[in-house]
Amino acid sequence: MSINGIPSSGWFLPLNQSNLSEETKKKLRELGIDPSTVSSEAQAKALIASILQKLAVQQTVNNTSSKNVCTGELEVLNRAKDLAIKMGVSISNSTGTKEIIDKLTAALNSQTQKTKDGKEFENELNSIKNDYESLTKNQSTIFTAMNITASLNKLKLGL
């Protein structure tokens, strides 16, 4: 039978018929994707590979960020204050992180003998110093980016 001179037999595929293998359908379902939204085996495999790659990257980022437990300046300040208490260095509540680090460094340098506790204090102080330096570098980078953005906005507005 023909419609307007075009034969219709053999050219019709039902919309719900899928040409995906059962294994591909299973992988799509495991990843939370409806197999009926994918039109070909190649497209499905590309989608699966893309999602698996994104999941691997996300896992790597999560592993990296879990190693860097320092969340901010307040945490570094609290760690420095705790170390000062352990070392017996007196500080006031209003003392800043940099000043506490300087006092702790001076206290460690004034010790004539390096005891086991002194080595532990030194290691913890070095960790606090590294975290504080990282924070200040990140803050500096953010301020620089903000200044550049402000300059670009001024340029665009003709100010």
Side-chain angles (χ1 to χ4, degrees), residues 1-87 93 95-101 104-105 116-117 119-159:
M1 180 179 198
S2 66
I3 301 174
N4 297 331
I6 301 173
S8 63
S9 61
W11 294 95
F12 177 71
L13 290 175
L15 290 176
N16 61 358
Q17 181 179 349
S18 176
N19 55 354
L20 300 176
S21 69
E22 290 301 317
E23 180 182 342
T24 303
K25 287 180 185 178
K26 181 182 175 189
K27 285 181 183 178
L28 287 170
R29 285 186 193 108
E30 287 174 355
L31 293 172
I33 300 169
D34 184 12
S36 65
T37 60
V38 182
S39 62
S40 69
E41 185 79 18
Q43 182 186 16
K45 288 188 178 190
L47 184 61
I48 291 169
S50 172
I51 291 173
L52 290 177
Q53 182 181 13
K54 286 179 183 177
L55 289 174
V57 168
Q58 184 178 11
Q59 183 65 32
T60 303
V61 168
N62 289 343
N63 289 343
T64 304
S65 65
S66 67
K67 291 177 187 173
N68 299 332
V69 293
C70 182
T71 58
E73 188 171 0
L74 184 59
E75 181 181 338
V76 173
L77 177 63
N78 289 334
R79 287 175 45 211
K81 285 181 178 181
D82 290 342
L83 182 59
I85 291 169
K86 288 180 192 175
M87 291 178 60
N93 286 334
T95 308
T97 307
K98 181 69 175 151
E99 291 82 17
I100 294 174
I101 290 173
L104 294 175
T105 303
K116 181 181 176 186
D117 288 338
K119 292 288 185 187
E120 289 176 15
F121 293 153
E122 187 174 6
N123 290 339
E124 191 172 346
L125 180 59
N126 287 334
S127 173
I128 291 170
K129 282 181 183 179
N130 290 337
D131 289 344
Y132 184 72
E133 287 174 15
S134 174
L135 282 170
T136 54
K137 285 179 186 176
N138 289 342
Q139 287 175 348
S140 175
T141 302
I142 289 170
F143 290 140
T144 302
M146 290 171 65
N147 286 334
I148 291 171
T149 303
S151 297
L152 288 173
N153 287 338
K154 287 178 185 178
L155 186 68
K156 282 184 179 180
L157 295 172
L159 298 176

query = Hey, is the main chain of Ile101 close enough, under 3.5 Å, to the side chain of Thr105 for a donor-acceptor pair?
reply =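 It does hold such a pair.
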
Spell out, as yes or no, whether a donor-acceptor pair under 3.5 Å connects the side chain of Glu73 to the backbone of Leu135.
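It does not hold such a pair.
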
Calculate, to the nearest 0.5 Å, the distance between atoms [atom1] and [atom2] belonging to [X] and [Y] respectively.
X      : Y      : atom1 : atom2 : answer
Ile48  : Thr24  : CD1   : OG1   : 5.5 Å
Leu20  : Lys45  : CG    : NZ    : 10.0 Å
Asn78  : Thr97  : CG    : OG1   : 8.5 Å
Gln139 : Thr144 : CD    : OG1   : 11.5 Å
Met87  : Glu120 : CE    : CD    : 12.0 Å
Arg79  : Asp131 : CZ    : CG    : 4.5 Å

When you check the gap from the basic side-chain N to the acidic O, do [X] and [Y] get nearer than 4.0 Å?
X      : Y      : result
Lys137 : Glu133 : no
Glu22  : Lys25  : yes
Glu124 : Lys86  : yes

Using a 4.5 Å cut-off on heavy atoms from C-beta on, say whether the side chain of [Y] contacts that of [X].
X      : Y      : result
Ser134 : Asn130 : no
Ile51  : Ile33  : yes
Leu47  : Leu28  : yes

Worksheet entry | Least distance between heavy atoms, Ala80 atom then Ile100 atom |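 In terms of heavy atoms, the two residues are closest at CB-CG2, 3.6 Å.
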
Check this for me: Glu30, atom CD, are more than 12 non-hydrogen atoms of other residues, nucleotides or ligands nearer than 6.0 Å?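 Yes, CD of Glu30 has more than 12 neighbouring heavy atoms, counting only those of other groups under 6.0 Å.
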
Please report, to 0.1 Å, the donor-acceptor pairs under 3.5 Å made by any side chain of residues 151-159, with sequence neighbours excluded.
from: Ser151; atom 1: OG; to: Asn147; atom 2: O; distance (Å): 3.1
from: Asn153; atom 1: ND2; to: Thr149; atom 2: O; distance (Å): 3.4

Set of side chain to side chain donor-acceptor pair (under 3.5 Å) partners for Asn93, sequence neighbours left out: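 Partners of Asn93 by the side chain to side chain donor-acceptor pair (under 3.5 Å) criterion come out as none, since no residue qualifies.
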
Query - Distance-only polar pair, side chains of Glu99 and Thr95, donor-acceptor under 3.5 Å - result: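 Not at all, the side chains of Glu99 and Thr95 share no donor-acceptor pair under 3.5 Å.
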
